[in-house]
Amino acid sequence: MVQTRGRMDAMAPYLRYDAAADASAALVIRCYSSSFGLATRMLGGQVRQDVRNIYALVRIADEVVDAPRPGQDGVDRLVELDKLEQDTFAAIETGSSANLVVHAFARTARRVGIDRELVAPFFHSMRTDLQRTKHDFASLGSYIYGSAEVIGLMCLCAFVAGEPNPSGRYAELAPGAQRLGAAFQKINFLRDFGDDSDGLGRQYLVGLQPDDLDEEIWGSWLDDIEMDLAAAAEVIPQLPRGCRVAVCTAHDLFAELTRRLRATTAAQARLTRVRVPTPEKARIAARAALRRGRPHDIDTENSFK
């Protein structure tokens, strides 16, 4: 502790602030995500911090929307979300913010090339949650792009930042990153079906009515997820070597969730959130490391059934 404090004291003041911002982002992921946190720990140093910084911003935006303080109404949350978006854009321009999480994100964004074209759709989707309670396929596609696919693309920016041709590698790998992000979001729609419909009054799963739980439609959503996971699995071995095991771990954790959801009826899922036990998460991570980041092949005809 004394040595750490000594190193901190020797830093230029702005570097100490940068370190505090990074530490704040790391704290957010520890508090909110065991699965994503586990996968992130398998990344290399700078990429690991960049992904934590990305996660922290999207997490606090989600908390603004879904975890209001006592007395906050929808208008209050919309104002707060708008301010967070404005602060984020300003920090990307200047490289600095008085909000530690925004500061951490902005430093990563400037370093790896995350721009407004990725950030704006994210905030648009967060705003949608305060303005829309039921989706059709068109609105849901837009929502998933902003709430999940662009997160995959932001992480991809961090993954390829050190490559000789980052823009070319990004273009090559972007479709897989989007499919993986979309799969994660759809899986969470299924896992959170009860909380979303009963607690928040939202209906993301087009065709699945809370009062008319059609198991065939439930199964069709799982089919769609499996196709996304299979498409993403094809791309993971092409990622930079230092990122493969982490992304494979995340992929396989969500594949296991999909398998468990396949064994759960919609009625059951409405009452109990499906989870992967901690020991099984550790086994999945170990197997991903042994396979050097190559996901299990996913047979879209027979997988998880």
Side-chain angles (χ1 to χ4, degrees), residues 17 20-38 40 51-92 96-106 108-109 119-135 139-140 142-144 146-148 150-151 154 184-205 208-211 257 268-275 278:
Y17 186 80
D22 286 347
S24 297
L27 177 61
V28 171
I29 198 169
R30 285 200 302 273
C31 289
Y32 282 98
S33 179
S34 57
S35 296
F36 196 67
L38 172 63
T40 302
V51 170
R52 286 173 173 171
N53 292 351
I54 292 165
Y55 176 88
L57 178 72
V58 301
R59 181 73 257 173
I60 64 170
D62 193 66
E63 291 303 298
V64 168
V65 173
D66 286 347
R69 309 302 301 175
Q72 276 190 323
D73 59 18
V75 174
D76 295 329
R77 283 178 281 167
L78 188 59
V79 170
E80 188 171 350
L81 187 66
D82 288 346
K83 183 177 184 301
L84 180 61
E85 181 180 30
Q86 293 161 10
D87 288 349
T88 301
F89 287 148
I92 291 173
S96 179
S97 173
N99 179 319
L100 284 169
V101 169
V102 172
H103 182 83
F105 175 84
T108 285
V119 177
F122 166 72
F123 279 101
H124 176 76
S125 286
M126 293 300 96
R127 200 171 287 111
T128 298
D129 275 336
L130 294 172
Q131 299 169 329
R132 184 171 191 145
T133 59
K134 188 174 182 178
H135 286 273
S139 68
L140 186 66
S142 175
Y143 179 85
I144 290 174
S147 66
V150 297
I151 310 307
M154 289 180 195
F184 290 175
Q185 181 64 286
K186 293 169 193 174
I187 290 165
N188 282 329
F189 287 157
L190 297 181
R191 295 176 73 204
D192 296 333
F193 177 56
D195 287 342
D196 286 338
S197 60
D198 301 333
L200 298 173
R202 297 180 192 151
Q203 294 183 34
Y204 295 109
L205 298 168
L208 196 66
Q209 304 298 324
D211 298 324
L257 280 168
Q268 291 169 331
R270 185 176 181 179
L271 299 175
T272 305
R273 194 171 196 259
V274 172
R275 299 178 184 275
T278 299

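Source: prediction; values computed, not measured.
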Inter-residue atom distance Ser34.OG - Arg275.CZ, 0.5 Å rounding: 8.0 Å
Listed partners of Asp196 passing side chain to side chain donor-acceptor pair (under 3.5 Å), at least two apart: none
Interatomic spacing from CZ in Phe193 to CG in Leu271 - rounded to 0.5 Å: 10.0 Å
4.5 Å side-chain heavy-atom contact, Gln209 and Lys134: yes
Flag side-chain contact, heavy atom, 4.5 Å: Leu84 against Leu57: yes
Asn188 side chain vs Gln185 backbone, donor-acceptor pair below 3.5 Å: no
Least distance between heavy atoms, Val274 atom then Arg191 atom: O-NE, 2.9 Å
Taking every non-hydrogen atom, the tightest pair across Phe122 and Ser147: CD1-CA, 4.5 Å
CZ on Arg202 to CZ on Phe189, rounded to 0.5 Å: 10.0 Å
Considering all heavy atoms, the nearest Ala109-Ile92 contact: CB-CG1, 4.1 Å
Check: Arg77 side chain, Val65 main-chain N or O, donor-acceptor pair, under 3.5 Å: yes
Near-ring test Tyr204/Tyr143, centroid separation under 6.0 angstrom: yes
Interatomic distance, Leu81 atom CG to Met126 atom CE [nearest 0.5 angstrom]: 8.0 Å
Heavy-atom closest pair, residues Asp76 and Gly71: OD2-O, 3.8 Å
Reported NZ-to-OG1 distance for the pair Lys83 and Thr88, which is rounded to 0.5 angstrom: 9.5 Å
Thr133 and Gln203: CA distance, side-chain angles, deciding distance, side chain to side chain contact (heavy atoms under 4.5 Å, CB included) verdict: CA-CA 6 Å; Thr133 59; Gln203 294 183 34; over 6 Å; no
Test item: Ile151 and Phe184 side chains (from C-beta on) under 4.5 Å apart, heavy atoms: no
Shortest non-hydrogen contact from Thr128 toward His135: CG2-CE1, 3.9 Å
Nearest non-hydrogen partners of Ala269 and Leu190, listed with the distance: CB-O, 4.2 Å
Ser24 side chain to Ala20 backbone, donor-acceptor under 3.5 Å: yes
Distance in Å, Leu200 CG paired with Asp195 CG, rounded so as to fall on 0.5 Å steps: 7.0 Å
Tyr32, OH: over 12 other non-hydrogen atoms inside 6.0 angstrom: no
Asp198 with Arg270: basic N within carboxylate O range, under 4.0 Å: yes
Reference residue Phe105; test side chain to side chain contact (heavy atoms under 4.5 Å, CB included); the match among Val119, Asp87, Leu100: Val119
